[in-house]
Protein chains: 2
Amino acid sequence: MKPRAASTQRRTRIQKENEEIILESALEIFSTNGFRGTTIDQIAAAAGMSKPNLLYYFRRKEDMHQALLDQLLTNWLAPLEEMDPGGEPLEEICKYIRRKLEMAEKYPRESRLFANEILQGAPHIKEQLEGALRELVDEKSMLIENWIEQKKLAPCDPRHVIFSIWATTQHYADFDVQICAILAEEERIKTRFEDAAKMLEGLYVNGLKP
Amino acid sequence: MKPRAASTQRRTRIQKENEEIILESALEIFSTNGFRGTTIDQIAAAAGMSKPNLLYYFRRKEDMHQALLDQLLTNWLAPLEEMDPGGEPLEEICKYIRRKLEMAEKYPRESRLFANEILQGAPHIKEQLEGALRELVDEKSMLIENWIEQKKLAPCDPRHVIFSIWATTQHYADFDVQICAILAEEERIKTRFEDAAKMLEGLYVNGLKP
DNA sequence: ACAAATTTTTACCAGTTGGACAAATATTAG
DNA sequence: CTAATATTTGTCCAACTGGTAAAAATTTGT
């Protein structure tokens, strides 16, 4: 019998193992080649199994992609959600930057998968962007507005501040090739995430100080 | 006779016209679908000509892509090149941000084409990144270092400052779908580039003030 | 141990895609 | 106007790709 894709129904040990291996391999390939740029064969090869066997677990190529995106979005929102209304504003923003930068370093493939999806017009996650993500950004924007009113932050457009944090941090995952090409073989290349963290924290602390 | 692709040899009127139409169409499709995601037929359809006719001007799909990338890189470096050693540091940085933001608004397709290429590991422009781009960044980094030594800028890692400007400005082209999803139908969506410019200038002026 | 259910393999196919080729048509130079 | 040259079209194909179907092998529950 065909297994129900990613459903809540009980899955066998083998199913769990193989689905995990497949998604891991799919992430690797999708994130570097894009959706249309990857072939099922590539994923199958990376997963060490035959194409029909892979298709036994995910009936269509799109199913793997969708599964990865769904899984991703939850983790993606977490760092922003953790921004604490009770904390010290500048400290909270620094912590947010650090968390995002850590994610860029630890999960560059996820970042690139996301970037690929957005670049192509977000056909598979448009609703979530307009739904969950938008609501979260609205909520945190209000929080930042409050901080500004309390003179704890310099006046600024909260939404665009958030955008700029996304941009600068994800850049280190998405544009890593470019960054490494520029930093070249020097010592700097090894410390790029540290260096980025220092520079960004300095920029935002001074830039947003009331 | 087959025309020499993008060579310096004399080209007929028709050649010039058609090559332009083709590249324009190719940019449109490549930038939204990625390299592997676009088919020659799509480009041909967009250019209003038959596939074999298109292949008469560009023998391979890759030739169009390469032509676009080569053309792009020159324009891409221009705004940074214009950064004036004789100017007022904070003013020069603001002007650079504004120029980059203008490019993101005016040429989002070029930005996305570039982003796609980098995301996939920059297979076609690695050399240029390590060559021309790196040299330019080195040069401008030294300039910024000088400004810092002259106490005209707060201490910061110049290279990472440049990266952050790239990231924040290009973000408005590359992640436009996401930004629009979040700003939604509100008035804000129309003024997003203005708002971004204001926010970024404030951030960098305060953040880098010595 | 044995039947039932699950997993894997083998063989296959239809649609798409990049690209070749030569014939037909249009343009230009003399 | 004609010959040479440049452009366009129609036809074709081999490789690739997503996906199917059924048989074979393996695992699992009892």
Side-chain angles (χ1 to χ4, degrees), chain A residues 1-26 28-30 32-68 116 120 123-124, chain B residues 1-26 28-30 32-69 120 123-124:
Chain A
M1 254 255 254
K2 304 249 170 170
R4 303 285 86 237
S7 96
T8 345
Q9 266 167 301
R10 65 197 130 91
R11 298 182 298 164
T12 67
R13 188 194 89 245
I14 296 178
Q15 255 172 68
K16 259 188 228 164
E17 281 175 11
N18 281 345
E19 279 172 16
E20 200 174 331
I21 292 172
I22 291 171
L23 286 181
E24 158 66 26
S25 308
E28 184 71 28
I29 315 288
F30 277 138
T32 53
N33 298 0
F35 180 73
R36 286 219 43 191
T38 82
T39 69
I40 301 183
D41 290 276
Q42 285 175 310
I43 301 174
M49 63 177 73
S50 67
K51 180 169 66 168
N53 194 14
L54 185 151
L55 284 168
Y56 170 69
Y57 292 100
F58 294 89
R59 309 249 280 275
R60 289 177 303 144
K61 184 182 166 185
E62 230 191 291
D63 293 347
M64 288 179 267
H65 194 243
Q66 192 66 55
L68 285 170
N116 260 308
Q120 322 226 328
H124 304 99
Chain B
M1 253 255 255
K2 304 250 172 169
R4 306 284 88 239
S7 98
T8 346
Q9 267 167 298
R10 63 195 134 91
R11 298 182 298 162
T12 68
R13 188 196 87 246
I14 296 178
Q15 256 173 67
K16 261 188 226 163
E17 281 175 12
N18 280 345
E19 279 173 15
E20 202 176 328
I21 292 173
I22 290 171
L23 287 181
E24 157 66 27
S25 308
E28 182 71 28
I29 314 286
F30 277 137
T32 54
N33 298 0
F35 180 73
R36 286 218 46 190
T38 83
T39 69
I40 300 183
D41 291 277
Q42 284 176 310
I43 300 175
M49 62 178 71
S50 67
K51 181 169 65 167
N53 195 12
L54 185 151
L55 284 168
Y56 169 70
Y57 292 100
F58 294 89
R59 309 248 279 276
R60 290 176 304 144
K61 183 182 167 185
E62 229 191 293
D63 292 347
M64 288 180 265
H65 194 244
Q66 191 67 54
L68 284 171
L69 284 179
Q120 323 225 328
H124 305 99

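These numbers were taken from a predicted model, which means no experiment stands behind them. Hydrogens, waters and symmetry mates are skipped; everything else that's a heavy atom, side chains included, is used. First the proteins, then the strands, lettered A, B, ... as listed; each starts at 1.
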- Task: Return the angle between end axes of the helix from C/dA1-D/dT30 to C/dG30-D/dC1, with five pairs used per end and rounding to 10°.
- Result: 30°
Residues in side-chain hydrogen bond (donor to acceptor under 3.5 Å, both in side chains) contact with [X], at least two apart in sequence or another chain:
X: B/Glu20; value: none
X: B/Asn18; value: B/Tyr57
X: B/Glu24; value: B/Arg109

Rounded to the Å, how far apart are [X] [atom1] and [N] [atom2]?
X: B/Glu17; N: D/dT7; atom1: CD; atom2: C1'; result: 13 Å
X: B/Tyr56; N: C/dC21; atom1: OH; atom2: C1'; result: 15 Å
X: B/Lys16; N: D/dA6; atom1: NZ; atom2: P; result: 15 Å
X: B/Ile21; N: D/dT7; atom1: CD1; atom2: P; result: 13 Å

Test of understanding: with salt bridge (Lys or Arg N to Asp or Glu O under 4.0 Å), list the residues that count as partners of [X], not counting sequence neighbours.
X: A/Arg60; value: A/Asp63
X: B/Lys51; value: B/Asp41
X: B/Glu62; value: none

Would you indicate, yes or no, if [N] has its OP1 or OP2 atom less than 4.0 angstrom from a side-chain nitrogen or oxygen of [X]?
X: A/Gln15; N: C/dT6; value: no
X: A/Ser50; N: C/dT8; value: no
X: B/Asn18; N: D/dA6; value: no

- Task: Consider the side chain of B/Asn53, meaning its heavy atoms from C-beta on, and name the nucleotide among D/dT9, C/dT7, D/dA6 that approaches it most closely.
- Result: D/dT9
- Query: Given side chains that start at C-beta, do those of B/Met64 and B/Leu54 come closer than 4.5 Å, heavy atoms only?
  - Reply: yes
- Task: Assign a letter to each nucleotide of nucleotides 13-30 of chain D from its 5' end: B, base within under 4.0 Å of a protein heavy atom; S, sugar-phosphate only; -, no contact.
- Result: ----SBBBB------S--
- Item | side chain to side chain contact (heavy atoms under 4.5 Å, CB included) partners of B/Thr32, counting only residues at least two apart |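 Per chain and number, B/Thr32 pairs via side chain to side chain contact (heavy atoms under 4.5 Å, CB included) with no residue.
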- Only one of B/Glu17, B/Lys16, B/Gln15 passes side-chain contact (heavy atoms from CB on, under 4.5 Å) with B/Glu19; say which it is. B/Gln15
